[in-house]
**Q** 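Here it is, the structure in full.
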Amino acid sequence: MTAQIIDGKTIAAQIRQRTKEAAQTLCRAPRLDVIMVGDNPASAVYVRNKMKACREVGITAVDHKLPASCSEETLLETIRSLNSDPMVDGILVQLPLPEQIKSGPILENIDPSKDVDGFHIYNTGKLVTTGGGFKPCTPAGIIELLKAIGYSLEGKHAVILGRSNIVGKPLSMLMLQENATVTITHSHTPDLKRYTLDADVLVAAIGKAKFVKADMVKEGAVVIDVGTNRDENGKLCGDVDTENVKEKAAWITPVPGGVGPMTIAMLLHNTLVSAQKRQGLAQ
Ligand code: GUN
């Protein structure tokens, strides 16, 4: 079997187009404020890409650059002023933060109604209970990818490698809501293969280049690769050994062009929804 490619770039472009059309119907353009502390080069690229994507769909993007040495209080002051600004629909604090600032208390100070990253504990609580809050963008994007290929999670076994707050944990909740049976594995899980070989859907989110080998994958599985790594030649690659795994999987996401574009598309979607709510156009 040779896997069909899940074309995240095209699916994300469709979401961006729908977001753009909906944004044009609002009384004022949605606005996202992005805060970056320090000058982590990877974060700088992510922030630039997010701001560019916003502008392409008619979302006003404002960036706030704070020095790496900035105090927690300075960052909190910036967040508080954005919380109380009625023109601001979304607030995003790019992670990771410098060592002296703990991300937990920072994220909890973002107004949950502007938390378009879906990282606030209020939105996390909604995710595990009733749903309805902002969903974290990468997990929400993965669910959209599965919907786009017409794949139903109902009754399926989804196995997630990685238990991060950004991907593994929230994705498990979204997959549960779709009636999958979900297993979360991590660095302390013995005999990983025992789980991965039973996966109808296998999600790799552990940040290890080409970690998932063909002998870990069930014939006909859907394989979702969240990784962004460099291989031994410095070439961009995911957490999956795609060349070999694609001979066993039914569907697979490429890196680049799979999950990555969906994360940004869902951020734009969340910002639009926040603006719609603020303008009384959505619940
Ligand atoms: N750092 C890596 N991924 C993300 C993300 O989705 N949002 C934020 N704010 N920071 C990140």
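Only heavy atoms go into these numbers, but all of them, side chains included; no hydrogens, no water, no symmetry mates. Numbers for residues simply follow the sequence, beginning at 1. As the structure lists them, so they are numbered: ligands from 1, and atoms in each ligand from 1.
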**Q** Just to check, does Leu92 reach to within less than 4.0 Å of ligand 1 when the distance is taken from its heavy atoms?
**A**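 So Leu92 counts as touching ligand 1.
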
**Q** Under a 4.0 angstrom heavy-atom cut-off, which atoms of ligand 1 come close to Val93?
**A**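 Counting from 1, the qualifying ligand atoms are 8 (C), 9 (N).
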
**Q** Salt bridge or not for Lys65 and Asp63, using N-O below 4.0 Å?
**A**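 Salt bridge present between Lys65 and Asp63.
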
**Q** Work out which heavy atom in Leu174 is nearest to a heavy atom in Ala140; give both atom names and the distance.
**A**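 Shortest heavy-atom separation between Leu174 and Ala140 comes out as CD1-N, 3.7 Å.
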
**Q** What do you reckon, does Lys50 put a non-hydrogen atom under 4.0 Å from ligand 1?
**A**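 Lys50 counts as a contact of ligand 1 under the 4.0 Å cut-off.
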
**Q** Can you say whether the rings of His186 and His188 are parallel (under 30°), tilted (30 to 60°) or perpendicular (over 60°)?
**A**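 Tilted, since the angle between the ring planes falls between 30° and 60°.
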
**Q** Measure the distances from the heavy atoms of Phe119 to every atom of ligand 1 and state whether one is below 4.0 angstrom.
**A** yes

**Q** Starting from atom 9 (N) of ligand 1, which protein heavy atom do you reach first, and at what distance in Å?
**A**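 Answer, as residue, atom name and distance: Asp117 OD2, 2.6 Å.
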
**Q** Under 3.5 Å, is there a donor-acceptor pair between the Ser84 and Arg80 side chains?
**A** no

**Q** Could you check atom 11 (C) of ligand 1 against the protein and tell me its nearest heavy-atom contact, residue, atom and distance included?
**A**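 Going atom by atom, the protein heavy atom closest to atom 11 (C) of ligand 1 ends up being Gln94 NE2, 3.4 Å.
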
**Q** Please check if Leu92 and Ile79 belong to a single hydrophobic cluster, counting links between Ile, Leu, Val, Met, Phe, Trp and Tyr side chain heavy atoms closer than 4.5 Å.
**A**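 No, because Leu92 and Ile79 fall into different hydrophobic clusters, even though each may have its own neighbours under 4.5 Å.
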
**Q** The test is side-chain hydrogen bond (donor to acceptor under 3.5 Å, both in side chains); show your working for Thr74 and Ser71 and say whether it passes.
**A** CA-CA 5 Å; Thr74 307; Ser71 68; 2.8 Å; yes

**Q** So which heavy atom in the protein is nearest atom 3 (N) of ligand 1, and how far is it from that ligand atom?
**A** Ile166 CD1, 4.2 Å

**Q** How far is atom 10 (N) of ligand 1 from its nearest protein heavy atom, and which residue and atom is that?
**A**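 Here the closest protein heavy atom is Leu95 N, 3.0 Å.
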
